[in-house]
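Report on one structure; see the data block that follows.
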Amino acid sequence: MFCKAGKGRPSPEQASRERRVGQGDCVRTLTGWWQKTFSVSKNVWAGVSLASMNIPQVLGYARIAGMPTVTGLYTVLFPLVAFALFGSSRHLVVAADSATAAIFSSALSEMEPVGSAAYIHLVSAVALLNAGFLLAARLCRLGFLADFLSRTVLVGFLAGVGVQVSMSMLYDMVGLDVSSHNTVAQFVGLVQAGAHMHLLSVGISCVACVILLCGARFLPGRPVALVVVLGALGLSWLLGLAQYGVTVLGPMQGGLPHFAVPVVSWHQFLALLPVSASCVFVIIAQSAATSHAFAYRLHETVDANADIVGLCAANAAAGLSGTFTVNGSPTQTAMAVQAGGTSQKAQLVFAAVTLCVLLFFTGPLQYLPRCILGSVVFCVAVGMIDTAALNHIRKESPGEFRLALVTMATVVSIGVEQGIFIAIALSLFRHVRHSYRPHTMVLKPDPATQALEAVPVSAGEQTAPGLVVYRFCADLFYANCSLFAEDIDLLLASAPAPVRCLVVDCSAITDIDYSAASVVRDVLFRLHMQGVRVIFGRVASYALADMERHHIVSALGEGNVYAQLHQAMASAEQTVAEQPRPQAQL
């Protein structure tokens, strides 16, 4: 579940426990984080800082969800604790999220009036349905979907989220209301509304950003954001900033949530299924992208299936405590990392602070300026754009750099969930494109050492007079099998000396589909008619099973399949030396 320090060889008991973690063992996941020796003080400060930055933010998400303001605090109480206990990621913060809030609020607002008791029941029911779907996803081990998120995609994903969030926060920083969820439309609207900016809010935001950025640069790991939030809260109360036009959070109720199972009709239950399914796809994709992105950045590992269990528990806690769907938040996770959190202990401190706020301090929150909240989140979002990593990718792999830019642009222009799925599709397409035109080579003896060296396939290449050793560097499937046939035809037609034997190095071929097998049999038939013996070398057991199932072994003939290349070469050299080339049978 976590990176090990690597000191000494683990005992058999420890090794057994680690194997169970890899299989998603919930008991180990529940207790493993507590057995680590982290700095408690660092996680306490990180949790307090995280609370100071995120508590106002989740109140805003409650507005997007169409729920009472206090339910935003409920999302970072019991759901946060549930994920901390059952999840794998050290840093993923599971709380309210704008993407899932927008999905269910737009659908449920057509079923019941927003904010009504019936609407609140539907929202909680969606959270419980999400928990059920996530449990099914865990049983089906859908955590493997995270494997399709390459590091390139993750860098582009976080950069896109950073641009998207920073743009939306600019509205709070200048005292304007966001008029659209689309980042491009937000940028256009901000330019057009430039004359209506509140100058005092702009000035406060600029001062806050300077302090925050200097703190991140010169005082890393210190609770600078906490100082900014508390200082702004005090100044707003003393100076009465609201009377000067600075927007503040305003009054809100407190108290603990009431646990209950939401009651919905059968007809409503059926209507909620597609809404919940949409939320679950976003939850799995966004949470996996976020946890893997920060694990990659911090050189750690995560168990995607254990994270699904944690998300399931978190959404179950949300549904039973009267709040709305929770999700892995890229922004809040970035805040936890920047605040110096090293484990889920920071999230537990966050939940404890939220509990205290609900019980005792909902009153003072009403004085917090929204421009301060926007400044804090803006600085965090800018830090999510890892320009050093993007530049490193550009230098090493321009193609993958373009993929990262496409991912970032998609997240910015269309949305987070669409950006993730399009990025996965582009990553798979790029992989298939490489498999479609794989490297193919001819093995030739080096003039100095006589060791076989690989050279690209081209006209006139030959291993030895009468012998060609050909390597196909990919699995054979319907899209690339024509290249296999074209290469062999080229090598035989352009060979300096008539080819008597062709050896196919199958070391990279692990799978052959039906279409490719048909092409291979056709090639073998033509070569047999030309009197050319074909031998397959370095055939692994799983490739041999495919060859037998597709009747390629029988088409080759007995004694023409070898597990080692040197055995195939010895047999081929004997054929070239002893057998004259027969006349082609036409």
### Task
Begin with the C-alpha distance, continue with both residues' side-chain angles, and end with the deciding distance and a verdict on side chain to side chain contact (heavy atoms under 4.5 Å, CB included) for D97 and V326.
CA-CA 6 Å; D97 179 69; V326 293; over 6 Å; no

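- In this structure, the side chains of L129 and F269 come closer than 4.5 Å at one or more pairs of heavy atoms.
- Relative ring orientation between F324 and F104 is described as tilted, the plane-to-plane angle lying within the 30° to 60° band.
- The minimum heavy-atom distance between P79 and T75, with the atom names listed, is CB-O, 3.5 Å.
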#### Entry: side chain to side chain contact (heavy atoms under 4.5 Å, CB included) between T342 and R90, worked out
CA-CA 7 Å; T342 56; R90 291 181 181 180; over 6 Å; no

### Task
Kindly determine whether V302 and H292 satisfy side chain to side chain contact (heavy atoms under 4.5 Å, CB included), including the steps that lead there.
CA-CA 7 Å; V302 291; H292 280 70; 3.5 Å; yes

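- In plain terms, the two heavy atoms of F378 and C209 that are nearest each other are CD2-SG, 4.1 Å.
- Contact detail for P262 and L128: the closest heavy-atom pair is CD-CD1, 3.4 Å.
- Between the side chains of N130 and T325, at least one donor-acceptor pair of N or O atoms lies under 3.5 Å.
- Proximity of a side-chain donor or acceptor of S201 to a complementary backbone N or O of C371 within less than 3.5 Å is not detected.
- Considering only heavy atoms from C-beta on, N43 stays 4.5 Å or farther from V349 through its side chain.
- Closest heavy-atom contact between L348 and A84: CD2-CB, 3.7 Å.
- Across P330 and G328, no two heavy atoms sit closer than the pair CD-O, 3.5 Å.
- Heavy atoms only, all atoms of each residue included: Q347 and A336 are closest at OE1-CB, 4.1 Å.
- N327 has its side chain out of reach of V94: every pair of non-hydrogen atoms, C-beta onward, lies at least 4.5 Å apart.
- Between the side chain of T71 and the backbone N or O of Y74, no donor-acceptor pair lies under 3.5 Å.
- No side-chain donor-acceptor contact under 3.5 Å links S287 and D307.
- For the pair F350 and M335, the minimum side-chain heavy-atom distance is 4.5 Å or more.
- The side-chain heavy atoms of V337 and L298, taken from C-beta on, include a pair separated by under 4.5 Å.
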### Query
Please walk me through it: do V411 and M408 pass side chain to side chain contact (heavy atoms under 4.5 Å, CB included)?
CA-CA 5 Å; V411 171; M408 181 174 67; 6.0 Å; no

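- Between the side chains of H91 and Q344, no donor-acceptor pair of N or O atoms lies under 3.5 Å.
- A side-chain donor-acceptor contact under 3.5 Å links S291 to the backbone of A288.
- Using a distance-only test at 3.5 Å, with no hydrogens or angles considered, no donor-acceptor pair links the side chain of Q286 to the main chain of I283.
- The side-chain heavy atoms of I120 and P68, taken from C-beta on, include a pair separated by under 4.5 Å.
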